[in-house]
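Numbers restart at 1 for each chain; the letters A, B, ... are given by sequence-line order, proteins then strands. All figures in this text were calculated on a predicted structure; none of them were measured in a lab.
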There are 2 protein chains.
Amino acid sequence: MRLVIADCAAHYTGRLSAHLPLARRLVVVKADGSVLLHSDGGSYKPLNWMSPPCTLVVSEPDDDEAAAGLTAVWDVQHTKSDDHLRIEIYEVVLDTTADLGIDPGLVKEGVEAHLQALLAEQIELLGPGHTLVRREYMTAIGPVDILARDPRGGSVAIEIKRRGEIDGVEQLTRYLDLLNRDPLIAPVRGVFAAQQIKPQARVLATDRGIECLVLDYDAMRGVDDVDARLF
Amino acid sequence: MRLVIADCAAHYTGRLSAHLPLARRLVVVKADGSVLLHSDGGSYKPLNWMSPPCTLVVSEPDDDEAAAGLTAVWDVQHTKSDDHLRIEIYEVVLDTTADLGIDPGLVKEGVEAHLQALLAEQIELLGPGHTLVRREYMTAIGPVDILARDPRGGSVAIEIKRRGEIDGVEQLTRYLDLLNRDPLIAPVRGVFAAQQIKPQARVLATDRGIECLVLDYDAMRGVDDVDARLF
DNA sequence: CATTGCATGTCGTCG
DNA sequence: CGACGACGTGCAATG
């Protein structure tokens with residue numbers, strides 16, 4: 001990894017065109033040739049960047065450029081597309097290189113998959129007498145997160161999100177349309193389950209006869225722990 | 001901006017829990033206190049990070065930790081939520097600070113807004129005799145990209161995407177449902193316009209009686225340049 | 001390899 | 001300040 005702090009300007013052409021005026025920035029060149037241009041604010045997203053696979057070519061400025069203060073021109077070319085990033089380097093404040101080796105990577109816990117597992121275990125959160133049919137119930141247009149059966153034997157399709165927004169309701173609606181065409185399992189109720197449900201999503205769901213269920217992740221995890229302790 | 005290259009481990013708790021095993025990494029601390037942990041690969045997204053606003057507290061390791069090789073513990077606490085990132089610093093290879101100042105920011109061209117402007121100017125791409133009613137036609141559920149009128153006086157609602165996928169068709173469908181409830185402008189035709197339209201989106205649109213229009217950005221820009229030259 | 005759906009998404013914009 | 005849609009979205013899992 002090479003770290004450079006320098007006054008620089010940049011031009012990107014690819015899916016769009018963009019320009020970055022002259023200013024002092026951090027330039028990171030990773031081992032795979034990818035490049036990040038960071039300012040001293042914003043968030044983790046760089047002002048501009050080039051994703052791997054790509055190649056970096058450093059060249060000397062021509063006479064006019066040198067007269068304007070350029071000390072180097074970096075051309076970063078994406079290997080598989082015509083995306084291109086040109087960085088004009090002016091005064092360099094820091095230029096250092098370090099060998100980092102391969103990273104073991106991030107270990108995650110607590111994503112949507114976990115919510116789905118918990119709700120499958122605690123399917124009676126839908127109401128007493130509900131039973132699990134199966135998780136990831138396959139249909140022609142993709143898997144329904146959970147398919148369940150209500151106390152009267154009717155089918156229930158459940159879509160789970162961490163945060164429930166309109167596109168989740170649309171997704172569930174497509175599943176319901178499809179499932180309700182199958183006379184073997186129709187009629188199918190829909191349940192939209194999420195840790196938080198946005199008002200517009202709730203309105204749309206209600207308008208379509210889809211039930212909303214707010215999930216309390218901590219409480220569900222707590223029940224799970226208690227179960228684990230008892231058995 | 002402070003740059004540190006060090007052997008480190010990290011734990012994040014917030015919207016999820018995650019752990020980063022000991023390895024050599026780049027740690028960037030920005031002026032607003034935000035922190036990025038980068039490995040020497042991947043992409044522009046850090047392995048782990050904390051977004052502003054947040055505060056960084058550096059503390060000494062306790063005896064056990066010091067015996068294990070820790071030289072410092074960094075606790076990054078988000079100011080408005082309970083997101084927390086703890087970084088355990090072991091051997092430090094580089095530790096440098098630079099003042100970058102405020103960045104003038106990125107200047108963009110060629111996004112969806114530009115496509116919309118071009119199609120508004122070149123509305124006859126829909127077919128001869130079409131006229132523009134207005135861009136960003138407001139409805140209760142959001143703005144329709146373009147509202148136009150066909151040669152026979154009927155209304156046309158246009159949704160524009162760079163890449164046309166299913167959710168764009170869903171969005172246009174919601175607008176059409178709403179607009180067609182208004183007797184003053186009903187019936188309203190739908191046109192789904194994009195530089196590229198995915199097969200599934202085309203099938204769904206066609207099934208719903210929505211017309212698909214593939215936009216050639218370069219050609220449209222070319223026409224625009226010619227116009228600009230002529231007038 | 002193309003498609004799909006998630007993300008600690010981030011980021012602007014508008015009400 | 002919250003909600004919503006766009007993004008050079010990136011990214012992994014899957015058919």
Working for side-chain contact (heavy atoms from CB on, under 4.5 Å), residues B:E159 and B:Y175: CA-CA 9 Å; B:E159 175 65 32; B:Y175 289 138; 3.7 Å; yes
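- Residue A:Y44 is classed as a sugar-phosphate contact, given heavy-atom separations below 4.0 Å to backbone atoms only.
- Phosphate proximity of C:dG9 to A:S43: absent, as no side-chain N or O sits under 4.0 Å from OP1 or OP2.
- Per the geometry, CD1 belonging to A:I197 stands 15 Å off C1' belonging to D:dA3, to the nearest Å.
- In this structure, B:Y137 places its OH atom 18 Å from P of C:dC14, rounding to the nearest Å.
- Between B:K161 and D:dA6 there is a side-chain N or O to OP1 or OP2 distance below 4.0 Å.
- Judged purely by distance below 3.5 Å, without hydrogens or angles, the side chains of B:Q171 and A:E170 never pair a donor atom with an acceptor atom.
- In this structure, A:P143 and B:M50 both approach DNA chain C, and ranking their closest nucleotides by distance from the 5' end singles out A:P143.
- Residues A:R174 and B:L47 each lie close to DNA chain C; by heavy-atom proximity, the contact nearer the 5' end of the strand is made by A:R174.
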For DNA chain D, the dot-bracket pattern of Watson-Crick and G-U pairs whose distances stay under 3.5 Å, | for other-strand partners: |||||||.|||||||
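- Residue B:K80 has a polar side-chain atom (N or O) positioned under 4.0 Å from OP1 or OP2 of D:dC1.
- With contacts defined as side-chain heavy-atom distances shorter than 4.5 Å, the pair B:V144/B:I158 does not qualify.
- Within the 4.5 Å cutoff, the side chain of A:I123 has heavy atoms near those of the A:I146 side chain.
- B:L3 is listed as a side-chain neighbour of B:M1, based on a closest heavy-atom distance under 4.5 Å.
- Toward the 5′ end of DNA chain D lies the nearest nucleotide of A:E165, the other residue of the pair A:E165 and A:M138 mapping further downstream.
- Rounded to an integer number of Å, the gap from NZ of A:K30 to P of D:dG10 is 14 Å.
- Rounding to whole angstrom units, CD of residue A:E136 and P of C:dC6 are separated by 10 Å.
- Nucleotides of DNA chain D nearest to A:Q196 and B:D167 differ in position, and the one nearer the 5' end is that of A:Q196.
- Distances shown here put every side-chain N or O of B:W49 at or beyond 4.0 Å from the OP1 or OP2 atom of C:dG9.
- Residues A:T173 and A:R208 have side chains that bring a donor and an acceptor to within less than 3.5 angstrom of each other.
- If you take NE2 of B:H78 and P of C:dG9, they are 12 Å apart, rounded to a whole angstrom.
- Look at B:R15 and you won't find any side-chain N or O under 4.0 angstrom from OP1 or OP2 of C:dA7.
- Rounded to whole angstrom, the span from the NZ atom of A:K45 across to the P atom of C:dG12 amounts to 9 Å.
- Under the 3.5 Å distance criterion, with hydrogens and angles disregarded, a donor-acceptor pair is assigned to the side chains of A:H38 and B:K30.
- When heavy atoms are screened at a 4.0 angstrom cut-off, A:L106 is found touching base atoms of the nucleic acid.
- Residues A:D145 and A:Y137 have side chains that never bring a donor and an acceptor to within less than 3.5 angstrom of each other.
- With C:dC6, C:dG15, D:dG10 as the candidates, the nucleotide lying closest to the side chain of A:E159 is C:dC6.
- Going from atom CG of B:D83 over to atom P of C:dG9 covers 9 Å, rounded to whole Å.
- Relative to the side chain of B:Q171, the nucleotides D:dA6, C:dG15, D:dA3 differ in distance, and D:dA6 lies closest.
- Distances from the side chain of A:R162 to the nucleotides C:dA7, D:dG10, C:dT10 place C:dA7 closest.
- Remark: P of D:dG10 and NZ of A:K108 are 16 Å apart, rounded to the nearest angstrom.
- Here A:Y175 reaches the OP1 or OP2 of C:dG5: one of its side-chain N or O atoms lies under 4.0 Å away.
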